[in-house]
Number of protein chains: 2
Amino acid sequence: MECIGPTISKEEIKKLNKILTFSPEIEELSVFFGLWKNPARLKIFYLLSIEKKLCVCDISEVLGITISAVSQHLSKMKAYNIVKYKRENQTIYYYLTDHPLNLKIKEHFIDSLNI
Amino acid sequence: MECIGPTISKEEIKKLNKILTFSPEIEELSVFFGLWKNPARLKIFYLLSIEKKLCVCDISEVLGITISAVSQHLSKMKAYNIVKYKRENQTIYYYLTDHPLNLKIKEHFIDSLNI
DNA sequence: TTAGTATTTTAGTAAATTATATAATACTTA
DNA sequence: TAAGTATTATATAATTTACTAAAATACTAA
């Protein structure tokens, strides 16, 4: 079905379209939210906010998914600077970064969870 | 590969597992973030925060996607109480609700977009 | 240097997401 | 009531996601 009668002016439409057609900031935000729409990653975030540092193996045990799956989640989170890691002997510990969006997610969404 | 040596105790693992295995709040949050991981829905949200009310046809023009696609996005957003609508003659206008998570998203993420 | 532990990478698959096109529905107004 | 406009619902195809299993890599410590 065609769009015959928009309720805002052609100019307004053109202006808004221009603003939004190429908007890297929105794309970036979208990717960022994409990371949080996954319950496993939300849980990892929650765990790391409590325990400060954990290894892949710990998280795998707690969440009940394979180490491989956890590693892949962490790798995605690492790519967006949500977590970092440091090695201590054989164990690689992951911990949350102080990425500004991280802080917002924690403060406004995670900390208010009633669990 | 098996997990032989977790770095936290069996009790700690069991406790955390119990907390997280069934956690409707996290599932809910996950669904909510899922709504914003889509750039089109982020843009719709942004548009509605500027224009206050818009019809499917307006949004379709601005975003350059079919009316059908917009309608489906709005329907998903409606289901989670992000938008409501009211009919005025033939036109159905959508507008943002004051859902508390809505306000947080707007205040902390949308308003700080530099576009 | 070799065996053992920890983790990542790769490959494959099932499920979810997002878009389009088309059909159906809802309402207005001539 | 019939024609026209606006919107939603349904079916489907393409893409993305998220998991597992197995192979590869990285490091430690005997």
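Only this structure's heavy atoms are used, side chains among them; waters, hydrogens and symmetry mates stay out. First the proteins, then the strands, lettered A, B, ... as listed; each starts at 1.
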Between [X] ([atom1]) and [N] ([atom2]), how many Å, whole number?
X       : N      : atom1 : atom2 : result
B/Ile92 : C/dT28 : CD1   : P     : 10 Å
B/Ile59 : C/dT18 : CD1   : C1'   : 17 Å
B/Tyr93 : C/dC27 : OH    : C1'   : 15 Å
B/Gln90 : C/dA30 : CD    : P     : 10 Å
A/Glu61 : C/dT7  : CD    : C1'   : 15 Å
B/Asn89 : C/dA30 : CG    : P     : 11 Å
A/Arg87 : D/dA26 : CZ    : P     : 10 Å
A/Ile67 : D/dA18 : CD1   : C1'   : 17 Å

Reckon [X] has a side-chain N or O less than 4.0 Å from the OP1 or OP2 of [N]?
X       : N      : result
B/Lys76 : C/dT17 : no
B/Lys37 : C/dT17 : no
A/Asn38 : D/dT17 : no
A/Thr66 : D/dT20 : yes
B/His73 : C/dT17 : no

Look at the side chain of B/Gln72 against the base of D/dT7 and say whether a donor-acceptor pair falls under 3.5 Å; ignore hydrogens and angles. no
Let's test your reading of the model: under 3.5 Å, does the base of D/dA21 pair with the side chain of A/Ser68 as donor and acceptor?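 Flag set: donor-acceptor pair detected.
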For A/Ala40 versus A/Ile65, what's the shortest heavy-atom pair and its separation? CB-CD1, 4.5 Å
Is the closest basic N to carboxylate O distance between B/Glu107 and A/Lys104 below 4.0 Å?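 Here B/Glu107 does not pair with A/Lys104 in a salt bridge, since their nearest N and O are not under 4.0 Å apart.
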If we check side chain to side chain contact (heavy atoms under 4.5 Å, CB included) with A/Lys76, which of these qualifies: A/Val83, A/Asn38, A/Leu35, A/Ile82?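 Per the side chain to side chain contact (heavy atoms under 4.5 Å, CB included) rule, the option paired with A/Lys76 is A/Leu35, out of A/Val83, A/Asn38, A/Leu35, A/Ile82.
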For a quick check of understanding: with a heavy-atom distance under 4.0 Å over all strands, which category does B/Tyr94 fall into, base, sugar-phosphate or nothing? sugar-phosphate
Would you check if the distance from the ring center of A/His99 to the ring center of A/Phe32 is below 6.0 Å?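 Yes.
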Are more than 12 heavy atoms from other residues, nucleotides or ligands located less than 6.0 Å from atom NZ of A/Lys14? no
Per B/Cys57 side chain, nearest of listed nucleotides C/dT20, C/dT7, D/dT7: D/dT7
